[in-house]
Amino acid sequence: QVQLVESGGGLVQAGGPLRLSCAPSGRTFSTYAMGWFRQAPGKEREFVAAISWSAYNTAYVDSVKGRFTISRDNAKNTVYLQMNSLKPEDTAVYYCAARLQYTSSSLYTRRDEYAYWGQGTQVTVST
């Protein structure tokens, strides 16, 4: 019954910031591991960032490490992706994903490890 809705996407100039949000419509995901993926036209959906349900453990793809920060507010049942120093190659549709987690420190970086997905939000970075 978990449904995810992304928001915060849009057009931004290179070097600028953007913050994405993912809110649930249905069950809370306070005990779910969360992730962000992105897909550019003609390319396969790729991993961007992940966070455990405890928020004590995070992981990032090398291309965004140091620029993007994933976080969550379990009281609001919301996960965020703060994107700084955006580059044109960051242009893609960004998807939020969730999966039930029993070990608080576990992280997941593969698409097939997530059971629930949002519809995506477009992020376009101009030069």
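Counting begins at 1 with the first residue of the sequence. Worth knowing before you read on, the calculation uses all heavy atoms, side chains too, and leaves out hydrogens, waters and symmetry mates.
Without hydrogens or angle criteria, T91 side chain to T124 main chain gives no donor-acceptor distance under 3.5 Å.
In the hydrophobic clustering of ILVMFWY residues, with side-chain heavy atoms under 4.5 Å counting as a link, F68 and L107 come out apart. V79 and L100 end up in the same hydrophobic cluster when Ile, Leu, Val, Met, Phe, Trp and Tyr side chains are linked at under 4.5 Å. Hydrophobic clustering keeps V12 apart from Y80 (ILVMFWY residues linked when any side-chain heavy atoms are closer than 4.5 Å, directly or through intermediates).
In this structure, R110 is not positioned above the aromatic face of F47 in the sense of NZ or CZ being under 6.0 Å from the six-membered ring centre and within 45° of the axis.
With 3.5 Å as the limit, one finds no donor-acceptor pair spanning the side chains of R99 and Y116. Side-chain contact annotation: S105 with T103, donor-acceptor N/O pair under 3.5 Å absent.
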Residues R111, E44; criterion salt bridge (Lys or Arg N to Asp or Glu O under 4.0 Å); working and verdict: CA-CA 10 Å; R111 289 185 298 157; E44 192 171 347; 2.4 Å; yes
Trace of the side chain to side chain contact (heavy atoms under 4.5 Å, CB included) decision for E6 with W36: CA-CA 10 Å; E6 304 95 339; W36 286 96; 3.8 Å; yes
Trace of the side chain to side chain contact (heavy atoms under 4.5 Å, CB included) decision for E89 with V125: CA-CA 8 Å; E89 50 263 44; V125 184; over 6 Å; no
Criterion side chain to side chain contact (heavy atoms under 4.5 Å, CB included) on L81 and V48, from CA distance to verdict: CA-CA 10 Å; L81 184 66; V48 176; 4.3 Å; yes
Side chain to side chain contact (heavy atoms under 4.5 Å, CB included) between M83 and V123, worked out: CA-CA 10 Å; M83 305 183 293; V123 173; 3.9 Å; yes
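Heavy-atom minimum distance, T127 versus P88: CG2-CG, 3.4 Å. When all heavy atoms of W117 and R45 are compared, the closest pair comes out as CE3-NH1, 3.4 Å. The shortest heavy-atom contact between G118 and Y95 is O-CD2, 3.5 Å.
Side-chain contact check for L86 versus L18: some heavy-atom pair is nearer than 4.5 Å. For the pair C22/T78, no side-chain contact is recorded, criterion being any heavy-atom separation below 4.5 Å from C-beta on. Between S52 and S106, every side-chain heavy-atom pair lies at or beyond the 4.5 Å cut-off. M34 has its side chain within reach of C96: a pair of non-hydrogen atoms, C-beta onward, lies under 4.5 Å apart. Under the 4.5 Å side-chain criterion, counting only non-hydrogen atoms from C-beta, Q39 is not in contact with Y94. Looking at heavy atoms from C-beta onward, R67 lies in side-chain contact with D90 at the 4.5 angstrom threshold. Looking at R38 and E46, their side chains come closer than 4.5 Å, going by heavy atoms from C-beta outward. Contact annotation: the side chain of Q3 never approaches that of P24 to less than 4.5 Å [non-hydrogen atoms, C-beta and beyond].
Atom-to-atom distance recorded for T58:OG1 and R72:CZ is 12.0 Å, nearest 0.5 angstrom. Atom CG of L20 is separated from atom CD1 of I70 by 10.5 Å, given to the nearest 0.5 angstrom. The distance from the CD1 atom of I51 to the OH atom of Y108 is 14.0 Å, given to the nearest 0.5 Å.
No more than 12 heavy atoms of other residues, nucleotides or ligands sit less than 6.0 Å from atom CD of Q13.
Classification of the Y114-F37 ring pair by plane angle, with boundaries at 30° and 60°, yields perpendicular.
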